[in-house]
Peer 1: 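Below is one structure. I have some questions about it.
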Amino acid sequence: MNTVGSPRYAPEWLALREDADVRARAEQLLDPLVGFLAGAAASGGLTVRDLGCGTGSMGRWLASRLPGPQSWFMYDRDPALLENIAARMPREAADGSPLEVIPQQRDITRLTGDDLAGTSLVTASALLDLLTADEMEALAAACAEAGCAVLLALSVEGRVEIGPADPLDEKFNAAFNAHQRRTDGGRRLLGPDAVDAATAAFERNGATVRTRPSPWRLGPDDRALTAQWLLGWVAAACAQEPSLEAASEDYLRRRLDACDAGELRAVVHHRDLLALPGDPAGTVPA
């Protein structure tokens, strides 16, 4: 996704991670979401706002799983990511109803309750760690004012498991997590604290919140993604902790050689969050 400033993510990276994202998403949250949206879907259709939509991967996964006519407002700051996004979205909902796509270039950190009026669902993927505490609170308040459901997927948790283990794994992970919590342009990012902060913010605004794990599980069939993830993970760690630079070349060589040989496994922990107004019907198994 992209929130503020210049574009952050190349389409090539977003395409590379899409399959792992699909495998990771917590489908257990769909039943209570669909139950909440059933009335709106039957009475006139759904208005969905996809925040920091990137190339539309969340919409491609979710739209065909929701019933009724749907209008998808796709928000991103990067106009290049919005080009031809409608052509990459499904043409029909789960029940064959029509689906409309409206791309809009905008800063999602400035959304208000008025902006979300009439919205059925706010959704996003890999968004929360790039927000500040104040931005998260404002988003929760705006969603509460609109009375809409919220599904936020694939928020980093700060935990990584790489096998076989290496003595430097934890040092790189700690530095990466500190980088995720950095101050960027005067904004103190939530990073791995995002799901806890979001849960508290939505609950303060009267929502019922459910979260479920959504880890990437990377193996031999994910060599290209694993290699790119490793390169970015180590680069961010070194940017935060320059003392790791000296060890990073050998560390990456060992890790990338194992990846190329199909011997590397990685679990990158994320969490999905569903927030529904009030105390909605429907439960999600623990």
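Hydrogens, waters and symmetry mates play no part in the numbers below; they use all other heavy atoms, side chains included.
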Peer 1: Please evaluate residues His269 and Glu161 with respect to the criterion side chain to side chain donor-acceptor pair (under 3.5 Å), reporting the C-alpha separation (whole Å), side-chain torsions for both, the decisive distance (0.1 Å), and the verdict.
Peer 2: CA-CA 8 Å; His269 289 273; Glu161 302 165 31; 2.6 Å; yes
Peer 1: For residues Ala124 and Asp50, report the shortest heavy-atom separation together with the two atoms involved.
Peer 2: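 That closest heavy-atom pairing would be CA-OD1, 4.1 Å.
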Peer 1: Using a strict 4.0 Å threshold on nitrogen-to-oxygen distance, state whether Glu135 and Arg187 make a salt bridge.
Peer 2: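 The answer is yes: the pair qualifies as a salt bridge.
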Peer 1: Between Ser97 and Asp95, is there a side-chain donor-acceptor contact under 3.5 Å, judged purely by atom types and distance?
Peer 2: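 Checked: Asp95/Ser97 side chains pair up, N/O donor to acceptor below 3.5 Å.
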Peer 1: Is a donor from one side chain sitting under 3.5 angstrom from an acceptor on the other, for Ser125 and Arg25?
Peer 2: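 Indeed, the side chains of Ser125 and Arg25 share at least one donor-acceptor pair under 3.5 Å.
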Peer 1: Could you check whether Thr55 and Arg60, counting side-chain N and O atoms only, form a donor-acceptor pair closer than 3.5 Å?
Peer 2: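 Their side chains do contain a donor-acceptor pair, which is all the 3.5 Å distance test asks for.
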Peer 1: State the CG-CG distance between Leu274 and Leu30, to the nearest 0.5 angstrom.
Peer 2: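 Leu274 atom CG to Leu30 atom CG measures 9.0 Å (nearest 0.5 Å).
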Peer 1: Let me see the working for Asp169 and Tyr251 under side chain to side chain donor-acceptor pair (under 3.5 Å), right down to the final yes or no.
Peer 2: CA-CA 9 Å; Asp169 289 346; Tyr251 177 82; 2.6 Å; yes
Peer 1: Starting from Leu16, can I reach Leu154 by hopping between I/L/V/M/F/W/Y residues whose side chains sit under 4.5 Å apart?
Peer 2: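 In one cluster: no.
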Peer 1: With rounding to the nearest 0.5 Å, note down the distance linking CG in Leu111 to CG in Leu51.
Peer 2: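 Nearest 0.5 Å value for the CG-CG distance: 6.0 Å.
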Peer 1: Do you see a donor-acceptor pair shorter than 3.5 Å between the side chains of Glu18 and Ser57?
Peer 2: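 Side chains of Glu18 and Ser57: no pair found under 3.5 Å.
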Peer 1: As an exercise, state the distance from SG of Cys143 to CG of Leu152, rounded to the nearest 0.5 Å.
Peer 2: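 Going from the SG atom of Cys143 to the CG atom of Leu152 covers 7.5 Å.
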Peer 1: I need the single residue from Leu37, Thr119, Val48 that forms a side-chain contact (heavy atoms from CB on, under 4.5 Å) with Cys148. Which is it?
Peer 2: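 Among Leu37, Thr119, Val48, the one meeting side-chain contact (heavy atoms from CB on, under 4.5 Å) with Cys148 is Thr119.
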Peer 1: When you check the side-chain N and O atoms of Thr211 and Arg271, is any donor under 3.5 Å from an acceptor?
Peer 2: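 The criterion, which ignores hydrogens and geometry beyond distance, is satisfied for Arg271 and Thr211.
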Peer 1: State whether Asp260 and Arg255 are salt-bridged, where the test is any N-O pair (Lys NZ or Arg NE/NH1/NH2 against Asp/Glu carboxylate O) under 4.0 Å.
Peer 2: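 The answer is no: the pair does not qualify as a salt bridge.
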Peer 1: Apply the test side chain to side chain donor-acceptor pair (under 3.5 Å) to residues Asp129 and Ser155: give CA-CA distance (whole Å), side-chain angles for both, the deciding distance (0.1 Å), then the verdict.
Peer 2: CA-CA 6 Å; Asp129 53 294; Ser155 298; 5.4 Å; no
Peer 1: For Arg88, does the CZ atom have more than 12 heavy-atom neighbours from other residues, nucleotides or ligands under 6.0 Å away?
Peer 2: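 For Arg88, atom CZ is crowded (more than 12 foreign heavy atoms under 6.0 Å).
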Peer 1: Answer with yes or no whether the side chains of Thr112 and Asp115 bring together a donor and an acceptor at under 3.5 Å.
Peer 2: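 Present: a donor and an acceptor within the cut-off.
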Peer 1: Using a strict cut-off of less than 4.0 Å between a Lys/Arg side-chain nitrogen and an Asp/Glu carboxylate oxygen, indicate whether Glu241 and Lys171 qualify as a salt bridge.
Peer 2: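 No, no charged N to carboxylate O under 4.0 Å.
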Peer 1: Within the 4.5 Å heavy-atom criterion, are Leu264 and Leu230 side-chain neighbours or not?
Peer 2: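 Yes. Closest side-chain heavy atoms under 4.5 Å.
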